Engineer: 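Starting off with a structure, shown below.
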Amino acid sequence: MRKPLVAALFALVIAGAGAAPAVAAPEPAAAVKSAAAVKTSAAVKSTAGTKTSAAPTLRAVNFAGTVSLSNCSGSVIRFPNSADTAPALVLSNGHCLETGFPEPGEVIVNQASSRTFGLLNSAATRVATLRANKVVYSTMTDTDVSIYQLTTTYAAIKSAYGISALTVQDTHPTAGTAITVASGYWKRLYSCNVDGFAYRLKEGDWTWKDSLRYTSACQTIGGTSGSPVIDNATGKVVAVNNTGNEDGETCTENNPCEVDASGNVTVREGINYAQETYQIPACFTTANVLNLSASGCTLPKP
């Protein structure tokens with residue numbers, strides 16, 4: 001079940017990183033459903049060959065471009081071909097949607113929204129409030145993602161606040177990559193590596209494909225849902241943080257299990273996951289218009 005905000009705060013004070021899954025924090029003064037979350041799990045380490053390639057130059061990841069939601073984290077994102085004059089987009093989880101969890105098989109497209117987001121600078125100071133005019137896309141089927149369209153453009157945000165959107169990588173992430181999960185809700189960074197990938201990740205009624213598993217150092221907690229997962233070498237977004245196995249249970253809410261291509265189930269207590277985002281850019285035009293019929297677009301359709 002989703003941990004109450006008080007419990008998450010207690011976990012931070014007592015245990016530092018904590019062991020709670022990366023689920024949404026509850027809406028203030030409101031009863032909220034339990035969250036479905038995501039992070040990656042297969043322990044994959046390369047042992048082939050005797051030569052070692054030079055390690056990539058890593059950059060210090062900060063909070064610039066991340067946002068805080070009422071119950072989750074997120075980020076202002078763009079795609080490799082997005083125009084500076086296009087309406088800016090915010091990426092978070094499907095289970096962070098203000099209207100509630102999308103049902104299994106449900107895909108929401110171009111739904112009106114006036115949700116607000118707190119824009120953070122590199123030091124995690126809130127410098128602006130951004131507003132959406134619609135949910136461009138949201139689902140918890142195959143992935144766990146919500147994409148909001150804002151009432152302003154990338155160019156306007158850059159001009160007013162000196163903050164650039166985070167670019168979404170359009171290629172599959174690689175095991176072993178050094179990553180940072182940047183939570184705008186908690187104003188906290190979690191650093192670890194891509195441990196591997198789960199063929200299927202099942203949690204309650206939802207199933208996600210090719211989920212990214214973190215190494216154990218990323219012990220995300222409630223409220224980190226929707227955080228961008230950033231490649232430390234490129235600064236690009238490779239996934240969106242969404243869940244973890246809290247209690248060692250099998251395939252229950254907040255206790256996702258991995259299912260391989262043969263149907264074998266693996267439970268990794270205390271390990272967290274994210275949903276990959278490389279498949280999203282192919283579904284948007286340079287003007288950030290959603291086109292689910294575009295060549296190469298594999299996102300679930302309504």
Side-chain angles (χ1 to χ4, degrees), residues 24 35-38 65-67 69-83 86-117 130-154 165-172 184 201 205-212 225-229 236-243 274-302:
V38 184
T66 64
V67 299
L69 286 67
S70 55
N71 63 337
C72 283
S73 299
S75 57
V76 180
I77 54 123
R78 66 182 301 151
F79 307 120
N81 295 323
S82 293
L89 303 174
V90 164
L91 171 69
S92 190
N93 283 147
H95 77 257
C96 294
L97 196 66
E98 67 268 38
T99 52
F101 294 0
E103 297 293 331
E106 182 181 10
V107 175
I108 295 165
V109 173
N110 295 326
Q111 174 178 284
S113 174
S114 58
R115 194 165 196 181
T116 58
F117 311 90
L130 305 176
R131 184 175 297 275
N133 55 24
K134 66 179 175 180
V135 178
V136 179
Y137 184 88
S138 184
T139 192
M140 287 178 66
T141 298
D142 295 351
T143 185
D144 183 9
V145 64
S146 286
I147 301 172
Y148 291 84
Q149 178 179 289
L150 301 181
T151 58
T152 189
T153 66
Y154 299 120
L166 299 175
T167 299
V168 176
Q169 179 174 299
D170 58 3
T171 56
H172 195 286
L201 193 68
D205 295 331
W206 294 274
T207 300
W208 302 302
K209 295 180 178 179
D210 193 22
S211 300
L212 183 151
S225 288
S227 299
V229 180
K236 293 182 179 180
V237 176
V238 297
V240 58
N241 179 68
N242 83 314
T243 200
Q275 298 308 307
E276 296 166 13
T277 50
Y278 74 94
Q279 69 274 43
I280 298 176
C283 304
F284 283 81
T285 69
T286 57
N288 281 350
V289 175
L290 178 68
N291 180 7
L292 293 175
S293 299
S295 174
C297 179
T298 59
L299 288 177
K301 298 171 176 58

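Quick caveat: nothing in here was measured; it's all calculated off a predicted structure. Sequence positions, counted from 1, serve as the residue numbers for this chain. Only this structure's heavy atoms are used, side chains among them; waters, hydrogens and symmetry mates stay out.
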Engineer: Tell me the closest heavy-atom pair linking Tyr278 and Glu276, and the distance in Å.
Structural biologist: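 Looking at all heavy atoms of both residues, the closest pair is CE2-OE1, 3.1 Å.
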Engineer: Taking Arg78 for its side chain and Thr167 for its backbone only, find out whether a donor-acceptor pair lies under 3.5 Å.
Structural biologist: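 No, because the side chain of Arg78 does not come within donor-acceptor range (under 3.5 Å) of the backbone of Thr167.
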Engineer: In Å and rounded to the nearest 0.5 Å, what is the CZ to OG distance from Phe117 to Ser73?
Structural biologist: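 Rounded to the nearest 0.5 Å, the CZ-OG separation comes out at 12.0 Å.
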Engineer: At their closest point, which heavy atom of Ala165 faces which heavy atom of Ile77, and how far apart are they?
Structural biologist: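 Heavy-atom minimum between the residues: CB-C, 4.0 Å.
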Engineer: Could you tell me if the side chain of Tyr137 sits less than 4.5 Å from the side chain of Ile280, heavy atoms only?
Structural biologist: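 Not in contact.
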Engineer: Answer whether the closest heavy-atom distance between the side chains of Ile108 and Ser146 falls below 4.5 Å.
Structural biologist: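 A side-chain contact under 4.5 Å is absent here.
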Engineer: What pair of heavy atoms forms the shortest contact from Thr139 to Thr141, and how long is it?
Structural biologist: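 Of all heavy-atom pairs spanning Thr139 and Thr141, the closest is OG1-N, 3.1 Å.
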Engineer: So how far is it from Ser225 OG to Asn93 CG, rounded to the nearest 0.5 Å?
Structural biologist: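 Going from OG on Ser225 over to CG on Asn93, the span is 5.0 Å.
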Engineer: Looking at CG of Leu130 and CZ of Arg115, how far apart are the two atoms once the value is rounded to the nearest 0.5 Å?
Structural biologist: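 Between atom CG of Leu130 and atom CZ of Arg115 there are 13.0 Å.
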Engineer: State, with a plain yes or no, whether a side-chain heavy atom of Tyr148 is found less than 4.5 Å away from one of Leu97.
Structural biologist: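 Tyr148 vs Leu97: side chains touch.
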Engineer: Going by the side-chain contact (heavy atoms from CB on, under 4.5 Å) test, name the single residue among Val109, Ile147, Thr285 that passes it with Leu290.
Structural biologist: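 That would be Val109; it is the only one of Val109, Ile147, Thr285 passing the side-chain contact (heavy atoms from CB on, under 4.5 Å) with Leu290.
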Engineer: Check the pair Phe79, Leu89 against side-chain contact (heavy atoms from CB on, under 4.5 Å), reporting the backbone distance first and the verdict last.
Structural biologist: CA-CA 10 Å; Phe79 307 120; Leu89 303 174; 3.5 Å; yes
Engineer: To the closest 0.5 Å, what do you measure between CD (Gln279) and NE2 (His172)?
Structural biologist: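 Output value for this atom pair is 8.5 Å.
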Engineer: Answer whether the closest heavy-atom distance between the side chains of Asp144 and Val240 falls below 4.5 Å.
Structural biologist: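 They are not in contact (no side-chain heavy atoms under 4.5 Å apart), so the answer is no.
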Engineer: Compare all side-chain heavy atoms of Val90 with those of Leu150 and state whether any distance is below 4.5 angstrom.
Structural biologist: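 Sidechains of Leu150 and Val90: in contact.
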Engineer: By side-chain hydrogen bond (donor to acceptor under 3.5 Å, both in side chains), which residues pair with Asn133, not counting sequence neighbours?
Structural biologist: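 Here the qualifying residues are Gln149.
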Engineer: Could you give the distance from OG1 (Thr143) to CG (Leu201), rounded to the nearest 0.5 Å?
Structural biologist: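 Going from the OG1 atom of Thr143 to the CG atom of Leu201 covers 11.0 Å.
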Engineer: I need the minimum non-hydrogen distance between Leu292 and Pro302, along with the two atoms involved.
Structural biologist: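 Taking every non-hydrogen atom into account, CD1-CD, 3.7 Å.
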Engineer: Are Asn288 and Val136 close enough that some pair of their side-chain heavy atoms sits under 4.5 Å apart?
Structural biologist: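 When only atoms from C-beta onward are counted, Val136 and Asn288 do not touch, as no gap falls below 4.5 Å.
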Engineer: Quick one: closest heavy-atom pair of Val238 and Gln169, and the distance?
Structural biologist: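 Shortest heavy-atom contact: CG1-OE1, 3.6 Å.
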Engineer: Over all heavy atoms of both residues, which pair between Ser92 and Gly226 is shortest? Give the atoms and the distance, please.
Structural biologist: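 That closest heavy-atom pairing would be OG-CA, 3.6 Å.
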Engineer: If we only count heavy atoms from C-beta on, is the Pro104 to Met140 side-chain gap below 4.5 Å?
Structural biologist: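 Not in contact.
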Engineer: So Glu98 and Leu69, do their side chains get closer than 4.5 Å, heavy atoms only?
Structural biologist: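 The answer is no; the side chains never approach within 4.5 Å.
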Engineer: Just by modelled atom types, is the Pro102 backbone N or O under 3.5 Å from a matching donor or acceptor in the Trp206 side chain?
Structural biologist: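 Checking the backbone N and O of Pro102 against the side chain of Trp206, a donor-acceptor pair under 3.5 Å is found.
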Engineer: Drop me the distance from Asp210's CG to Asp142's CG, to the nearest 0.5 angstrom.
Structural biologist: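 The CG atom of Asp210 sits 10.5 Å away from the CG atom of Asp142.
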